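Fair warning: this is a prediction, and the values are worked out from it, not measured in the lab.
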Amino acid sequence: MAQKRLAWVDVTKGFLMILVVIGHYPGELDFPLIKYIYWFHMPAFFLLSGIFFKEMKDNESANSTIKKRFMQLMVPYVFFLFVITTIRYSMELATGNFDFSWYLQDFWKLVIAGRFARGAYGVFWFVTTLFFTYLLFLWMTKYLSRFKQIALLVIFYLVAHLESIFAMHVISGAPDKAAQTIPMLWNLDVVLMAIVYFALGYYAKSIWMHITTPWLLGSIFVALSAINADKVGTLDYHLSMKFLRYDHFVLDLIIPLAFIIAILGIFQRLTKLLPLEWLAQIEKHSISIMYLHIFTDIILNDYFHYGIIGFTTLGVSIPIIASIIIQKLIPYGKFFLGDVRAKKPIRI
């Protein structure tokens, strides 16, 4: 049973990683696929992380737990930040950019990161948000009763929406521009929203691990109804966690959860019929895919013309090749990809 569970989890994460790549396609599509992807794909990652969260025991020290999570998340973050920045700056120097102020300003954006790091760094916000979401929830579950945890989560959810209202309606303008008028290191304010999805994964673990048929059919109905309502113009819903866009106090729970239930339920059933090993393989290289798919397009789009299929294929395959090279040829490569079981060159 445990193996089957692991199979559908890996396959689901592989599928979601493909959606992350598609979601960053810069071209125009006739069908608003990317809009619908954003309705649920980032909440899904936070929720899945919550499903496998483990509370600390009363006599257990937090140091080893935090250290392990740091290795898994922040070591790859620093590694890919260094690699991408080194290549970018080398390319700038090669093209004659010797403006020190440009490098200083660019580097400062990378320090602040979050929603201020754009382009090749477009996904970096997720890692810092997830890490601090984990730390906050670890503290909550260790020191607070369940009632206080839920009360605090309600407050977080309210504050997140108030911040979104301020950004989207008081400041107004394009969501990315409006959100960047609110200074925040590493997108830590997004933790307020992310921890709600994370907690839902943890609290309802028994439901997520075994999506029943009524839950599956009901969620599919809600998801398809939302898409249809958007198509006919009776619903104008958006969700962008990175840029603080939370459009509706109720729908920000209903729509993402409906899609997540549907996807988990479908893959729980599919993996009993089909191996879907190719999706599980994508999940194994998800770290490289996440960090490198945008940068892959930045490097290649000047030389090749491709649509969404080519963009997705290259955005998945090239990072997988890079992941294999890092693991096989670079000393401690697995460690830099977040493998806590790999031999570590440093002590933390």
Side-chain angles (χ1 to χ4, degrees), residues 17 20-21 23-24 42 45-46 49 66-95 97 99-135 176 179-180 183-191 194 241-243 285-300 314-316 318-327 329-340 342 344-348:
M17 187 53 59
V20 169
V21 177
H24 290 118
M42 297 318 300
F45 279 110
F46 289 112
S49 296
I66 294 174
K67 176 183 176 180
K68 178 180 178 181
R69 202 59 174 158
F70 180 89
M71 295 291 188
Q72 291 174 327
L73 293 175
M74 299 311 297
V75 168
Y77 179 98
V78 173
F79 173 73
F80 282 103
L81 180 69
F82 173 78
V83 170
I84 293 173
T85 304
T86 300
I87 296 174
R88 283 184 60 243
Y89 286 3
S90 297
M91 293 171 62
E92 289 292 332
L93 290 170
T95 56
N97 183 0
D99 184 356
F100 179 76
S101 63
W102 182 91
Y103 292 97
L104 188 62
Q105 184 180 26
D106 185 83
F107 184 76
W108 178 242
K109 289 181 180 179
L110 301 184
V111 172
I112 301 174
R115 53 185 169 270
F116 298 94
R118 307 296 297 275
Y121 309 95
V123 299
F124 279 60
W125 71 274
F126 169 74
V127 180
T128 52
T129 301
L130 179 59
F131 180 64
F132 286 98
T133 296
Y134 177 85
L135 293 183
D176 58 338
Q180 289 186 67
M184 180 58 63
L185 182 69
W186 300 334
N187 261 27
L188 293 183
D189 48 356
V190 181
V191 171
M241 295 185 69
K242 178 180 180 179
F243 295 118
H285 300 284
S286 59
I287 295 292
S288 292
I289 295 172
M290 179 180 66
Y291 282 113
L292 295 178
H293 70 276
I294 298 177
F295 194 48
T296 297
D297 177 62
I298 291 174
I299 297 294
L300 297 180
L314 291 171
V316 172
I318 300 299
I320 287 178
I321 294 172
S323 176
I324 294 172
I325 292 174
I326 291 170
Q327 294 181 57
L329 301 182
I330 296 180
Y332 310 110
K334 291 184 178 180
F335 170 76
F336 292 129
L337 293 179
D339 187 349
V340 296
K344 305 172 183 61
I346 57 176
R347 293 185 179 275
I348 297 180

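Counting heavy-atom neighbours within 6.0 Å of Trp186 CH2, excluding the residue itself, gives a total of 12 or less.
For Asn187 (side chain) and Trp125 (main-chain N/O), no donor-acceptor pair under 3.5 Å exists by modelled atom type. A donor-acceptor pair under 3.5 Å is absent between the side-chain atoms of Gln105 and the main chain of Ser101, judged by distance alone. Thr95 contributes a side-chain N or O that, together with a main-chain N or O of Glu92, makes up a donor-acceptor pair within less than 3.5 Å. The main-chain N or O of Val190 is never found under 3.5 Å from a side-chain atom of Lys242 such that the two would form a donor-acceptor pair.
Neither side chain, Asn97 nor Tyr89, offers a donor N or O lying under 3.5 Å from an acceptor on the other.
Ion pairing of Asp176 with Arg118 is present here, as a side-chain N (NZ or NE/NH1/NH2) and a carboxylate O approach within less than 4.0 Å.
The shortest non-hydrogen separation linking Val111 to Leu185 is O-CD1, 3.6 Å. A pairwise comparison of heavy atoms in Ile298 and Gly119 identifies CD1-C, 4.1 Å as the closest pair. In this structure, Pro319 and Leu314 approach most closely via the heavy-atom pair CD-O, 3.4 Å. The minimum heavy-atom distance between Met17 and Phe45, with the atom names listed, is N-CZ, 3.9 Å.
Looking at Leu188 and Thr129, their side chains never come closer than 4.5 Å, going by heavy atoms from C-beta outward. Looking only at side-chain heavy atoms (C-beta outward), Met290 and Val127 come within less than 4.5 Å of each other.
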Under 3.5 Å, sequence neighbours excluded: what are the donor-acceptor pairs made by side chains of residues 70-81?
unit_1: Gln72; atom_1: OE1; unit_2: Arg69; atom_2: NH1; d: 2.9

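With sequence neighbours excluded, no residue forms a side-chain hydrogen bond (donor to acceptor under 3.5 Å, both in side chains) with Tyr103.
In summary, the aromatic rings of Phe124 and Tyr121 are positioned with their centroids under 6.0 Å apart.
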